[in-house]
Amino acid sequence: GMPVEQNPPALSLYEGAESGLRCNFSTTMKGVQWFQQNHRGRLITLFYLAQGTKENGRLKSTFNSKERYSTLHIKDAQLEDSGTYFCAVVGMGYKLTFGTGTSLLVDP
Amino acid sequence: EAAVTQSPRNKVAVTGGKVTLSCNQTNNHNNMYWYRQDTGHGLRLIHYSYGAGSTEKGDIPDGYKASRPSQENFSLILELATPSQTSVYFCASGGQASYEQYFGPGTRLTVL
């Protein structure tokens with residue numbers, strides 16, 4: 001699949017802080033799925049978007065197919081937000097192509 | 001209850017041996033997928049299926065076969081396991097009304 005770039009590769013935040021993660025891709029995609037991978041290795045779906053913006057508690061995500069990017073914004077960071085965040089974009093044939101992830105560490 | 005399950009959850013195999021990883025879904029989804037995850041690579045697609053009896057090659061199919069005997073079950077087969085296939089394997093299912101995929105808990109495979 002075509003490359004999916006995630007930035008930053010790693011991020012460190014204090015509790016209560018906020019920050020954004022970005023996912024860039026090279027061609028028009030049908031959708032994006034954001035995951036958190038916890039310390040046990042389980043993939044937890046945070047959002048699936050075919051367009052626009054979704055919000056869930058302290059998390060907000062946008063998907064701009066035309067401009068070829070998606071963002072995940074975390075506000076009021078908590079210790080349990082630590083983990084690796086992956087975006088995966090939907091291309092032809094319902095296939096997902098994953099980015100290499102952003103490793104987030106939230107410190108007290 | 002979990003809609004996508006994988007077995008075994010952990011497996012140690014010897015080089016040259018045959019390994020079968022199994023996936024079961026109760027979502028009644030047509031599409032199923034096998035990925036592997038290695039450090040620094042995110043997840044990469046090995047094989048996928050659009051329904052019972054169908055299998056398609058993903059981005060890294062070499063050394064793997066897949067089998068979809070029914071709507072619910074999708075297996076990944078390593079006929080001759082090699083140490084380079086040591087990885088964590090994830091199965092997923094997805095429907096056709098939405099592109100969202102639902103993932104199993106993963107299988108950690110070590111090939112010695």
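Naming: A, B, ... by sequence-line order, numbering from 1 per chain. Just the heavy atoms: all of them, side chains too, but no hydrogens, waters or symmetry mates, feed the values below.
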Which one wins on heavy-atom pair count under 4.5 Å against chain A: B/R44, B/Q101, B/E56?
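Option with the top pair count is B/Q101.
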Residue selection (most heavy-atom pairs with chain A, distance under 4.5 Å) from B/Y50, B/F103, B/Y102
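Of the options given, most contacts go to B/F103.
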Can you tell me if A/Q33 uses its side chain to pair, donor with acceptor, with the backbone of A/F47 under 3.5 Å?
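Not a single qualifying donor-acceptor pair exists.
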Main chain of B/G106, side chain of B/R9: is a donor-acceptor contact present, judged purely on distance under 3.5 Å?
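Checking the backbone N and O of B/G106 against the side chain of B/R9, a donor-acceptor pair under 3.5 Å is found.
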Side chain to side chain donor-acceptor pair (under 3.5 Å) with B/S93: which of B/Q71, B/H29, B/E72?
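Per the side chain to side chain donor-acceptor pair (under 3.5 Å) rule, the option paired with B/S93 is B/H29, out of B/Q71, B/H29, B/E72.
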For A/V106, the option from A/L11, A/I74, A/D81 that meets side chain to side chain contact (heavy atoms under 4.5 Å, CB included):
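The residue from A/L11, A/I74, A/D81 that satisfies side chain to side chain contact (heavy atoms under 4.5 Å, CB included) with A/V106 turns out to be A/D81.
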Quick one: which of A/I44, A/T45, A/L43, A/L49 has the most heavy-atom pairs under 4.5 Å with chain B, could you say?
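Of the options given, most contacts go to A/L43.
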Name the region of [X], side chain, backbone, both or neither, that has any atom closer than 4.5 Å to a heavy atom of chain A.
X     : result
B/L43 : both
B/Y33 : side chain
B/Q37 : side chain

Think A/R22 forms a cation-pi with A/Y69, using NZ or CZ under 6.0 Å from the six-ring centre and within 45 degrees of its axis?
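Yes, A/R22 lies over the aromatic ring of A/Y69.
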Answer yes if the ring centres of B/F74 and B/Y48 are under 6.0 angstrom apart, and no otherwise.
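Centroid distance B/F74-B/Y48: not below 6.0 Å, so no.
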Below 4.5 Å from any heavy atom of chain B, which atoms of A/Q37 appear? Answer side chain, backbone, both or neither.
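Contact with chain B is through the side chain of A/Q37 alone.
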For A/Y94, which atoms come within 4.5 Å of any heavy atom of chain B: side chain, backbone, both, or neither?
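Both backbone and side chain of A/Y94 come within 4.5 Å of chain B.
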